[in-house]
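All remarks here apply to the structure that follows.
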Protein chains: 2
Amino acid sequence: MAKRPRVTRPGAAKIADVARLAGVSVATVSRTLARPEVVIEETRTRVLAAVRETGYTPNISARNLRVRKTMVVLVAVPDIANTFFAEVLEGIDDTLSAAGYGLIIANLAGSPEKEARYVDLVCAGQVDGVLLLCGHVMRSPNRDLRDARVPLVAACEYISGESFPQVTIDNIGTASEAVRHLVELGHRSIAYLSGPKSNILEQQRFAGYRQALQGTGIAVDEGLILRGDFTFRTGVDAGRALLGLKPAARPTALFAANDEMAIGLIKTVHAAGLQVPKDLSVVGFDGIAYSNYCEPTLTTVVQPRRDLGATAAAELIALMTTGRAPIRKGTQLPAKLILRDSTCRPPA
Amino acid sequence: MAKRPRVTRPGAAKIADVARLAGVSVATVSRTLARPEVVIEETRTRVLAAVRETGYTPNISARNLRVRKTMVVLVAVPDIANTFFAEVLEGIDDTLSAAGYGLIIANLAGSPEKEARYVDLVCAGQVDGVLLLCGHVMRSPNRDLRDARVPLVAACEYISGESFPQVTIDNIGTASEAVRHLVELGHRSIAYLSGPKSNILEQQRFAGYRQALQGTGIAVDEGLILRGDFTFRTGVDAGRALLGLKPAARPTALFAANDEMAIGLIKTVHAAGLQVPKDLSVVGFDGIAYSNYCEPTLTTVVQPRRDLGATAAAELIALMTTGRAPIRKGTQLPAKLILRDSTCRPPA
DNA sequence: ATGCCGGATGTAATCGATTACATTTTCATC
DNA sequence: GATGAAAATGTAATCGATTACATCCGGCAT
């Protein structure tokens, strides 16, 4: 059998090859690429020609090793299959990739093992910054994201007691506005469909609900508070619970802590013959794409999803490049209540 | 002003520090971590203690530079906000991150600039492999993904004429099965709502539609072919077009090339007073989560989304680790027609 | 002519790991 | 106790870029 010949790696043109071909030193090549103005015209064209001819691209690992950067940021998402986050991700991706950063998406999916793996990744210096959409500072059994001296920015889900920049919307205010809309339509009996109690968004949206009622003197009725966990399925369950109430005790309107649950609930009560909005007005929260497809289309608080992502990404870039300097600690973007077909005046 | 003291970078414990503390050479430390069995018990515990004490984690850039690997794969998605791909991504993420790979998500979003940037990234050797969900081999003005000698695997959207592994479903067969279901219910006038003509999935699903009709002697009626581009909006438009037909010419059933369009169409015809499925049976394709939430729930071909992702990821891992050896060039996963509430016998 | 200045380029150290090869240690066997 | 093979460890080259510092050179003021 013939001796296997030492394979000359084909793709690999290194800086030394370019230097040799151009008849200059490696330093000159590097400078030509990094700061063209410090090298005279003639050398520059020679070097660039050599670069083209060899098809040279710098080895990023080597560069990273030298300059202690990775040009990668990690973004932690609770669940990538959730369309809300998908659109936030688009905004993040636009901004970050335009600035030359790569994106590692950490899909937490409720798995502590995954979370720990990603924490280790960050602590190992694999990334230049982290974007947290997950409502908490990621941890592993032995350590915490803060141990990695890496810039952090949170978005969408506020993380209380932290000093890094956060980009959110005014959940309390807009939730309150949504409920006020129902009150103004004339509703006096307004149910609330909650998220998981421990979730910060749930707490804020519920606070908005209470606040709106307070202003009008309507008491918060514990019997009108339905429990869910932000998923479609619990919306369906809540719909059944609502149908179980004696007709006299039934609310004429409902505010759901997010769209998915609202849609699940509507589907259920429809199947039982109750009409939305004629018999029951429903308001959601988030403004997911589907809220505009479902039947009836959903009155909801539309979050600026792309913008939330883009703004958070911009703050992170600022942090990463200027080293320090959080621009503002808490940025709030405007969210808007959009009136669609799921709300109307209560039956007379 | 006081001279700024040379800041001793805090996080950075390097292998030499560990070696010193443990009283061994750097080689031993490296070996202890990579192949513990070649180092004797006693040294090993000493080294591990030193690792713990210093909080050492290997610098990945340095390692990558040395071993010419990055442990990162790039996955190219047409549109990350599309829930179909989001779930495929979950499967990919599960498999890849369990094997220790990081994931860079290239959200093409129809932007050639972005695509070019990612091609350059890959050509620069930034990733160990690429997963293509985008139906074509990515290009930039000057080059093509094949120029980067990097393992490729395609999934979901078949790329014809290529020799790398591909993981898809049998689009023709299942589309045909879906239409056959309508025929078996007794429909004789079955419309087709298409995707963009140039798309391979569209071509295959349309082929399935024709094939099913051929078997039964029903002719393909050009007047019953509605054009769309896979988006909800064009589904709505197609619904209007359908309503514009004279009642006598209206089909009793429709097969849509994907779920989003089917749902848009149903919404439109409902608004006009047509009942689905009583007046019109509808079958979709993909089985997105929403197909089970909408009203009526959609009879559709459910693709094994997670599994498509996981399988493609596994093939890529095989390719990356064994160097060569495509296991099988074309893997087809089973997709299933799920009967729900949007189909029934035609009106008598 | 001399010296100095500054712009262009080159030399070589450096980033932090992996690993081929060299060296030392261990230990079974004669 | 000598011998050699195998096991454990150490030494130093290497991956491919960036960049501090050194060098060279031309021009200008004295």
Side-chain angles (χ1 to χ4, degrees), chain A residues 6-48 50-51 54-71 120-121 123-126 128, chain B residues 6-48 50-51 54-71 100 121 123-126 128:
Chain A
R6 175 111 159 63
V7 53
T8 53
R9 197 172 296 273
K14 41 192 80 169
I15 197 169
D17 301 331
V18 178
R20 199 172 318 115
L21 185 60
V24 299
S25 74
V26 293
T28 300
V29 175
S30 179
R31 277 191 289 252
T32 306
L33 266 24
R35 301 191 308 283
E37 70 280 5
V38 306
V39 97
I40 65 172
E41 170 79 29
E42 193 241 318
T43 344
R44 193 189 320 154
T45 53
R46 211 141 37 90
V47 169
L48 292 179
V51 167
T54 55
Y56 168 76
T57 19
N59 177 309
I60 312 275
S61 297
R63 170 184 304 172
N64 290 347
L65 173 57
R66 184 58 229 239
V67 305
R68 297 152 171 289
K69 280 189 147 216
T70 65
M71 294 307 281
D120 289 343
L121 192 84
C123 289
Q126 272 278 58
D128 290 345
Chain B
R6 173 112 161 64
V7 51
T8 52
R9 196 171 295 273
K14 41 193 81 168
I15 197 170
D17 301 331
V18 179
R20 201 171 319 118
L21 184 60
V24 298
S25 74
V26 294
T28 301
V29 175
S30 179
R31 277 190 290 252
T32 306
L33 266 24
R35 301 191 308 282
E37 70 280 5
V38 306
V39 97
I40 65 172
E41 169 78 29
E42 193 241 319
T43 349
R44 192 189 322 153
T45 54
R46 209 140 39 89
V47 169
L48 292 179
V51 166
T54 55
Y56 168 76
T57 20
N59 177 311
I60 312 276
S61 296
R63 170 184 308 179
N64 290 347
L65 173 57
R66 183 59 230 238
V67 305
R68 295 149 170 290
K69 280 188 145 216
T70 65
M71 295 306 280
L121 192 85
C123 290
Q126 272 278 57
D128 290 344

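Below, chain A is the first sequence line, B the second, and so on; all start at residue 1.
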**OP:** May I have the distance from B/Glu41 (atom CD) to D/dT9 (atom P), rounded to whole angstrom?
**Re:** 11 Å
Original post:
Contact class for B/Ser61 (heavy atom, under 4.0 Å): base, sugar-phosphate, or nothing?
Top reply: nothing
Original post:
Does B/Lys69 offer a backbone N or O that forms a donor-acceptor pair with the side chain of B/Asp128 under 3.5 Å?
Top reply: no
Original post:
Do the side chain of B/Ser30 and the main chain of B/Val26 share a donor and acceptor less than 3.5 angstrom apart?
Top reply: no
Subject >> Position toward the 5' end of DNA chain D (nearest nucleotide), B/Gly23 or A/Leu65 >> reply: B/Gly23
Subject >> Residues forming a salt bridge (charged side-chain N to carboxylate O under 4.0 Å, His left out) with B/Arg46, sequence neighbours excluded >> reply: B/Glu42
Could you pull out the protein-nucleic contacts involving nucleotides 18-25 of chain D (nitrogen or oxygen on both sides, under 3.5 Å)?
from: D/dT18; atom 1: OP1; to: A/Arg63; atom 2: NE; distance (Å): 3.1
from: D/dT18; atom 1: OP1; to: A/Arg63; atom 2: NH2; distance (Å): 3.4
from: D/dT18; atom 1: OP2; to: A/Ser30; atom 2: OG; distance (Å): 2.6
from: D/dT18; atom 1: O2; to: A/Arg66; atom 2: NH1; distance (Å): 2.4

**OP:** Work out which heavy atom in A/Tyr56 is nearest to a heavy atom in A/Ile15; give both atom names and the distance.
**Re:** CE1-N, 3.4 Å
Subject >> Divergence of helical axes at both termini of the helix from C/dA1-D/dT30 to C/dC30-D/dG1 - five pairs an end, 10° steps >> reply: 60°
Original post:
Nearest-Å distance, CG (B/Asn59) to P (D/dC15)?
Top reply: 18 Å
Original post:
Taking CG from A/Asn64 and P from D/dC15, how many angstroms apart are they, rounded to a whole number?
Top reply: 18 Å
Subject >> Min side-chain heavy-atom separation A/Leu48-A/Leu33 under 4.5 Å >> reply: yes
Subject >> Spacing of A/Arg20 atom CZ relative to D/dG16 atom C1', expressed in whole Å >> reply: 13 Å
**OP:** To the nearest Å, give me how far apart CD (B/Gln126) and P (D/dA17) are.
**Re:** 12 Å
Subject >> All side-chain hydrogen bond (donor to acceptor under 3.5 Å, both in side chains) counterparts of A/Thr28, not counting sequence neighbours >> reply: A/Ser25
**OP:** Round to the nearest Å and state the distance from A/Glu42 atom CD to C/dA8 atom P.
**Re:** 12 Å
**OP:** Return the set of residues passing salt bridge (charged side-chain N to carboxylate O under 4.0 Å, His left out) with A/Arg66 (not counting sequence neighbours), or none when no residue passes.
**Re:** none
Measure all distances between protein nitrogen or oxygen atoms and nitrogen or oxygen atoms of nucleotides 23-25 of chain C, and list the pairs falling under 3.5 Å.
none

Subject >> For A/Asn59 against A/Ser61, the heavy-atom pair lying closest together >> reply: OD1-N, 2.8 Å
**OP:** Can you see which heavy atom on A/Pro36 is nearest to which on A/Arg44, and at what distance?
**Re:** O-NE, 3.5 Å
Subject >> Among D/dA8, D/dG10, C/dA8, the one nearest A/Thr43 by side-chain distance >> reply: C/dA8
**OP:** Go through the steps to decide whether B/Val47 and B/Val39 satisfy the test side chain to side chain contact (heavy atoms under 4.5 Å, CB included), and finish with yes or no.
**Re:** CA-CA 10 Å; B/Val47 169; B/Val39 97; over 6 Å; no
Original post:
If you check the B/Lys14 side chain, which of D/dC15, C/dA17, D/dA8 turns out closest?
Top reply: C/dA17
Subject >> Atom-to-atom span, CZ of B/Arg46 to C1' of D/dA8 - whole angstrom >> reply: 12 Å
Original post:
Just how far, in rounded Å, is P of D/dG16 from NZ of A/Lys69?
Top reply: 23 Å
**OP:** Show your working on salt bridge (Lys or Arg N to Asp or Glu O under 4.0 Å) between B/Asp17 and B/Arg20 and close with a plain yes or no.
**Re:** CA-CA 5 Å; B/Asp17 301 331; B/Arg20 201 171 319 118; 3.5 Å; yes
**OP:** Tell me what B/Thr57 touches on the nucleic acid: a base, only sugar-phosphate, or nothing, going by heavy atoms under 4.0 Å.
**Re:** sugar-phosphate
Original post:
Side chains of B/Thr54 and B/Leu21: does their closest heavy-atom pair fall under 4.5 Å?
Top reply: yes
